[in-house]
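Below: the structure, in structure tokens.
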Amino acid sequence: MHYWLFKSEPTCFSIDDLSRQPKQIMHWDGVRNYQVRNMMRDEIKKGDHLFFYHSSCLPPGIVGIAEVVKEAYPDFTSWDIQSDHFDPKSTPENPRWLMVDIKLVKKFSRLISLEEIKHHSKLKNMQVTRKGNRLSITPVTPAEWKVIMEMSA
DNA sequence: GCCAACGTTGGC
DNA sequence: GCCAACGTTGGC
């Protein structure tokens, strides 16, 4: 099992939005970056766990955990002309973009802020702390997972 | 709103 | 295949 960190802007889709979905499951659509798409295609498996991270808000940070319940399949918003994520080069016959389904596991009782993560000696190297890291999904090591789980308790 | 980082595009 | 221009992300 692998661990990940998924970023979302809470004004767009927050952990509370996830908790209100039927069965608390949502498809993770809108990825339009090849590195992230390939990660979903090749590495993100059913049963993997992820930190749900709120970005572009104050304060940014980890707000809970979710689980992958469906592996990569075509992102149907890519050929929906109404969608903000419409891509004319992607079609149902030849889909260019992928998504996975995630299910809420738990919302943390408090937010673990980026500030806190940056200052923790064991989390300093987490990809999310690095300047210019703009990937919406990044891998998390088991050691990092454990530390954050302890902080959230 | 600013700006750094960096991916993508397109002319050559 | 290079690289400048441009767009997007996301912290601050």
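Just so it is clear, the model here is predicted, and its values are computed rather than measured. Every heavy atom of this structure was used, including side-chain atoms; hydrogens, water molecules and symmetry mates were not. Letters go in sequence order (proteins before strands), and every chain restarts at 1.
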Contact class for A:Leu58 vs. all strands (heavy atom < 4.0 Å): base, sugar-phosphate, or nothing?
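Since no nucleic acid heavy atom lies under 4.0 Å of A:Leu58, the category is nothing.
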So what does A:Ser55 touch, heavy atoms closer than 4.0 Å: a base, only the sugar-phosphate, or nothing?
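Sugar-phosphate only.
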Ignoring backbone atoms, test whether [X] places a side-chain nitrogen or oxygen under 4.0 Å from the OP1 or OP2 oxygen of [N].
{"X": "A:Lys118", "N": "C:dC12", "value": "yes"}
{"X": "A:Lys131", "N": "C:dG11", "value": "no"}
{"X": "A:Tyr53", "N": "C:dG11", "value": "yes"}

Round to the nearest Å and state the distance from [X] atom [atom1] to [N] atom [atom2].
{"X": "A:Phe6", "N": "C:dG10", "atom1": "CZ", "atom2": "P", "value": "14 Å"}
{"X": "A:His54", "N": "C:dT9", "atom1": "NE2", "atom2": "P", "value": "17 Å"}
{"X": "A:Asn133", "N": "B:dC6", "atom1": "CG", "atom2": "C1'", "value": "11 Å"}
{"X": "A:Met39", "N": "B:dG7", "atom1": "CE", "atom2": "P", "value": "12 Å"}
{"X": "A:Asp87", "N": "B:dT8", "atom1": "CG", "atom2": "C1'", "value": "12 Å"}
{"X": "A:Arg32", "N": "B:dT8", "atom1": "CZ", "atom2": "C1'", "value": "15 Å"}
{"X": "A:Gln127", "N": "C:dG10", "atom1": "CD", "atom2": "P", "value": "13 Å"}
{"X": "A:Ile137", "N": "C:dT9", "atom1": "CD1", "atom2": "P", "value": "14 Å"}

A:Ile137-A:Met99 co-clustered via ILVMFWY side chain contacts under 4.5 Å:
no
Looking at the side chain of A:Glu9, which of C:dG10, B:dT9, B:dC6 is the nearest nucleotide?
C:dG10
With the side chain of A:Ser56 defined as its heavy atoms from C-beta on, choose the nearest nucleotide among C:dG10, B:dG7, C:dC12.
C:dG10
Can a donor-acceptor pair be found, under 3.5 Å and without considering hydrogens, that links the side chain of A:His120 to the backbone of A:Lys118?
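Between the backbone of A:Lys118 and the side chain of A:His120 there is no qualifying donor-acceptor contact (under 3.5 Å).
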Output yes when a side-chain donor or acceptor of A:Glu71 lies under 3.5 Å from a complementary backbone atom of A:Lys46, and no otherwise.
yes
Result of checking A:Asp17, A:Thr11, A:Asp16 against A:Ser14 for side chain to side chain donor-acceptor pair (under 3.5 Å):
A:Asp17
Using a 6.0 Å distance limit plus a 45 degree cone around the ring axis, check whether A:Lys70 lies over the aromatic ring of A:Tyr73.
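Cation-pi check for A:Lys70 and A:Tyr73: passes.
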